[in-house]
Amino acid sequence: MTRIAINEWPPNSPPDLAKKENVLLVARLMANAALTAPVSGGVPSWEAEIAHGEKEIERIAREMERLAHHEVPKKLTKPFLYQAAMIRESDAILFIGTFRAHATPMDVGCGLCGGEPDCSFFYDRVSQVDGVVDDTDRERSTAIRGPLCMLRVHDLGYAVGSALWIASTHLVDAMPSYPAGLAARNLDFCIHSEVVVGLPIAVLAKNPFVDISPDYHMNNMGKMVDGVRRWGVIPRQLAMVNMRLHDPTTAKAKKTTK
Amino acid sequence: MAIHDGNEAAYDHLLEVAKACAVAAARAPTVTGKLGIKMEIVTDEDQKPMIEVLEALGKASLFQRVDANSYRKLIDAGTAPPVLLLGADLTEAIGWDCGGCGFSTCGEFMKYLRKNKGVGAGAYGPTCMWKALDFGIAADHACACAAMHRVEARIQFSMGAVSMLLGRLDGCSFVLGLPMGPLGSDIWFDRKHWQGELDYEALRQTVLAGAPNLAMAFAGGGNPIMKTKQRWWEAPDFMKVEQDEEFLTLAAEGQEAAYRKIMEHAGVLDEDEES
């Protein structure tokens with residue numbers, strides 16, 4: 001007989017780690033769903049990777065915070081910081097990337113990238129020889145190195161959508177995230193992809209991806225718990241009693257106490 | 001109390017599934033939260049203009065012809081699948097300056113858009129990368145919802161594009177079509193309607209177009225024989241790259257016929273004017 005205690009608190013306790021194993025199962029199923037999602041022409045275009053465990057997730061959160069302060073436009077600073085706090089509460093993060101959008105377009109002349117009935121907008125702006133893209137120069141002057149084949153990016157949406165569908169079918173909370181995807185891509189997750197979307201996944205009594213208060217990076221649950229740990233012990237040292245000698249809750253003691 | 005024919009009831013139910021798929025698409029989580037999806041459900045006779053344009057384009061392109069063929073046979077049999085059209089304007093930037101579109105800022109993108117917005121084979125551009133991705137998530141949710149209802153779900157660029165060109169979902173830069181079944185297992189995959197449309201030789205040539213290397217003999221001579229027949233070494237065929245004027249003319253004619261149909265339906269052109 002084996003008993004498996006499962007709980008979502010305290011974080012990283014054995015009952016929580018058992019729960020995280022369950023979440024990992026869902027993350028794996030989400031990756032499967034992503035790989036079978038509908039895609040233009042049925043062409044394989046995606047890769048997936050899972051971050052699991054406290055340290056791995058912390059590394060990604062820190063990269064999100066670095067991006068927030070030093071790289072992304074001002075209007076994205078707060079969303080990046082809030083989402084860093086949110087992913088620290090997640091149990092796993094699934095990353096899905098397209099390894100085609102920057103390197104091997106659909107070549108169908110759909111019009112999405114530049115509004116022309118050919119692929120000239122893309123091919124005129126990348127290094128290429130006879131339509132074969134030289135993707136070995138990976139220097140970036142923007143967060144994402146464009147232009148991209150927008151039909152391939154659109155396809156990536158299906159992979160992300162199917163993964164999210166599996167999450168919600170299992171009543172597990174998840175969301176699609178640009179900050180998490182960008183940070184993970186910088187840390188070589190989905191190493192062949194220029195565009196990576198992060199899908200943090202969580203099993204908690206309260207969905208950690210919605211109902212986010214202002215300055216959430218300063219007042220999330222982790223910060224609140226630390227506040228209790230920081231202050232809870234101080235007043236105790238003033239409201240103390242010598243428990244061996246005295247019990248102030250008894251009727252007799254109450255009378256004599258001033 | 002009543003007894004319903006099961007197949008008829010199932011067919012009628014497809015419209016309800018289309019509505020459920022619309023809910024799924026509209027409720028899909030997105031990265032930007034600013035997708036602004038638009039939808040329409042098109043049934044029966046109202047699909048005819050789209051089918052006509054697809055048939056015109058299909059003269060030069062198998063990709064449209066295969067869908068036109070299925071739609072025509074379904075509507076002739078009185079079993080046209082309700083089609084959920086999904087669309088959005090993906091040309092509006094969101095202000096993240098991510099660079100995915102190829103411009104350094106969203107401002108640069110918008111500047112280019114104002115002067116150069118145009119249409120390709122089936123969509124307007126240029127496109128905001130995150131909007132393109134979000135539209136994928138929404139479209140995927142519509143497909144997943146159909147699949148959950150055991151309805152065959154093959155999302156179509158072809159049907160969406162001609163619907164957009166015919167003026168459906170005004171203001172959208174990209175439109176997709178999702179036919180709801182209809183019933184049976186071989187409608188959009190393993191298409192039974194396609195049976196006999198291409199002869200064996202045409203099927204062989206089509207496979208060859210997908211993987212020329214598969215049929216290639218020793219390439220070290222610089223002019224490899226293509227193994228196109230059982231005794232390929234006898235009177236061998238060689239691979240050659242050349243301009244195909246005949247095909248280009250056919251494609252241009254198909255485009256012209258398609259736009260003629262579109263103008264006809266828009267009331268710009270009289271049916272009698274057709275040459």
Side-chain angles (χ1 to χ4, degrees), chain A residues 33 37-41 72-73 75-76 79 98 101-102 108-119 121-122 125-126 140-148 150-169 174-178 181-182 194-195 197 209, chain B residues 24-25 27-32 35 63 90-91 94-106 109 112-113 116-145 147-148 153-155 157 161 173-174 176 178 255:
Chain A
V39 55
S40 298
V72 297
K75 69 185 291 191
L76 285 180
T98 166
H102 68 291
V108 76
C110 72
L112 280 175
C113 64
E116 288 162 66
D118 49 43
C119 300
F121 181 91
F122 176 87
R125 287 167 177 77
V126 298
R140 298 183 182 107
S141 56
T142 48
I144 295 163
R145 187 184 162 111
L148 302 164
M150 287 301 167
L151 201 54
R152 298 287 200 208
V153 176
H154 174 68
D155 281 344
L156 178 62
Y158 290 74
V160 171
S162 281
L164 288 168
W165 185 277
I166 291 301
S168 70
T169 299
M175 69 163 180
S177 162
Y178 166 39
L182 189 66
E194 181 64 25
V195 187
V197 176
F209 309 128
Chain B
R27 289 267 300 117
T30 58
V31 180
T32 66
L35 179 61
F63 154 71
L90 311 179
T91 64
I94 48 167
W96 290 355
D97 294 347
C98 78
C101 57
F103 296 96
S104 55
T105 64
C106 294
F109 169 90
Y112 184 89
L113 174 82
N116 301 283
K117 185 174 176 177
V119 68
Y124 286 88
T127 295
C128 166
M129 193 202 82
W130 292 105
K131 291 271 184 75
L133 189 123
D134 278 350
F135 187 44
I137 298 178
D140 176 86
H141 270 52
C143 297
C145 181
M148 207 187 73
R154 185 163 202 177
I155 195 139
F157 183 96
S173 65
F174 193 21
L176 292 163
L178 180 59
Q255 283 277 338

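What you see below is based on every heavy atom in this structure, not just the backbone, and it leaves out hydrogens, waters and symmetry mates. This structure is a prediction, so every number in the text was calculated from the model and none was measured. Chain identifiers are assigned alphabetically (A, B, ...) following the order of the sequence lines, protein sequences preceding nucleic acid strands; residue numbering begins at 1 within each chain.
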K.L.:
Do you know which of B/A138, B/G100, B/P29, B/G95 has the most heavy-atom pairs with chain A at a distance under 4.5 angstrom?
P.N.:
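Sorted descending by pairs with chain A, the first entry is B/G100.
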K.L.:
Please find the pair of heavy atoms, one from A/M150 and one from B/A132, that lie closest to each other, and give the distance.
P.N.:
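Shortest heavy-atom contact: O-CB, 4.1 Å.
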K.L.:
For the candidates B/G122, B/G102, B/A123, B/C98, which exhibits the highest count of non-hydrogen atom pairs separated by less than 4.5 Å from chain A?
P.N.:
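Of B/G122, B/G102, B/A123, B/C98, B/C98 has the most heavy-atom pairs under 4.5 Å with chain A.
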K.L.:
Non-hydrogen atoms of chain B under 4.5 Å away: do they reach the side chain of A/L76, the backbone, both or neither?
P.N.:
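Just the side chain, heavy atoms under 4.5 Å.
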K.L.:
Can you say whether B/V31 sits under 4.5 Å from chain A via the side chain, the backbone, both, or neither, judging by heavy atoms?
P.N.:
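Both the backbone and the side chain of B/V31 come within 4.5 Å of chain A.
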K.L.:
Side chain, backbone, both or neither: which part of B/D134 has an atom under 4.5 Å from a heavy atom of chain A?
P.N.:
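Neither the backbone nor the side chain of B/D134 comes within 4.5 Å of chain A.
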K.L.:
Any idea which of B/A153, B/C101, B/C128 has the most non-hydrogen atom pairs under 4.5 angstrom with chain A?
P.N.:
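Ranked by heavy-atom pairs under 4.5 Å with chain A, first place is B/C101.
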K.L.:
First locate atom CG of A/L148, then atom CE of B/M129, and finally report the distance between them rounded to the nearest 0.5 Å.
P.N.:
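Here the interatomic distance stands at 6.5 Å.
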K.L.:
Looking only at heavy atoms and a cut-off of under 4.5 Å, which of B/F63, B/W96, B/F135 has the most pairs with chain A?
P.N.:
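Most heavy-atom pairs under 4.5 Å with chain A: B/W96.
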K.L.:
Given the options B/A24, B/A144, B/A147, B/C143, which has more heavy-atom pairs under 4.5 Å with chain A than any of the others?
P.N.:
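With the most close heavy-atom pairs to chain A, the winner is B/A144.
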K.L.:
Among B/S104, B/A28, B/G118, who wins on heavy-atom pairs under 4.5 Å with chain A?
P.N.:
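Most heavy-atom pairs within the cutoff with chain A belong to B/G118.
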K.L.:
Would you say that A/H154 contacts B/F174 through its side chain, given a criterion of any heavy-atom pair below 4.5 Å between the two side chains?
P.N.:
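A side-chain contact exists here, since the closest heavy-atom pair is under 4.5 Å.
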K.L.:
Let's test your reading of the structure: which of A/P38, A/S177, A/P73 forms the most heavy-atom pairs below 4.5 Å with chain B?
P.N.:
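Between A/P38, A/S177, A/P73, the count favours A/P73.
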K.L.:
Taking CZ in B/R27 as the centre, count heavy atoms belonging to other residues, nucleotides or ligands within less than 6.0 Å. Is the count above 12?
P.N.:
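No, because the 6.0 Å sphere around CZ of B/R27 holds 12 heavy atoms or fewer from other groups.
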K.L.:
Measuring heavy-atom distances to chain B, does A/S162 have an atom under 4.5 Å in its side chain, in its backbone, in both, or in neither?
P.N.:
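When you check distances to chain B, atoms from both the backbone and side chain of A/S162 fall under 4.5 Å.
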K.L.:
Under 4.5 Å from any heavy atom of chain A, what part of B/T105 do you find: side chain, backbone, both or neither?
P.N.:
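No part of B/T105 comes within 4.5 Å of chain A.
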K.L.:
Contact part of B/I94 toward chain A, heavy-atom cut-off under 4.5 Å: side chain, backbone, both or neither?
P.N.:
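For B/I94, the backbone is the part near chain A, not the side chain.
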K.L.:
To the nearest 0.5 Å, what is the distance between CG (A/L156) and CD1 (B/I137)?
P.N.:
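Reported to 0.5 Å precision, the distance equals 8.0 Å.
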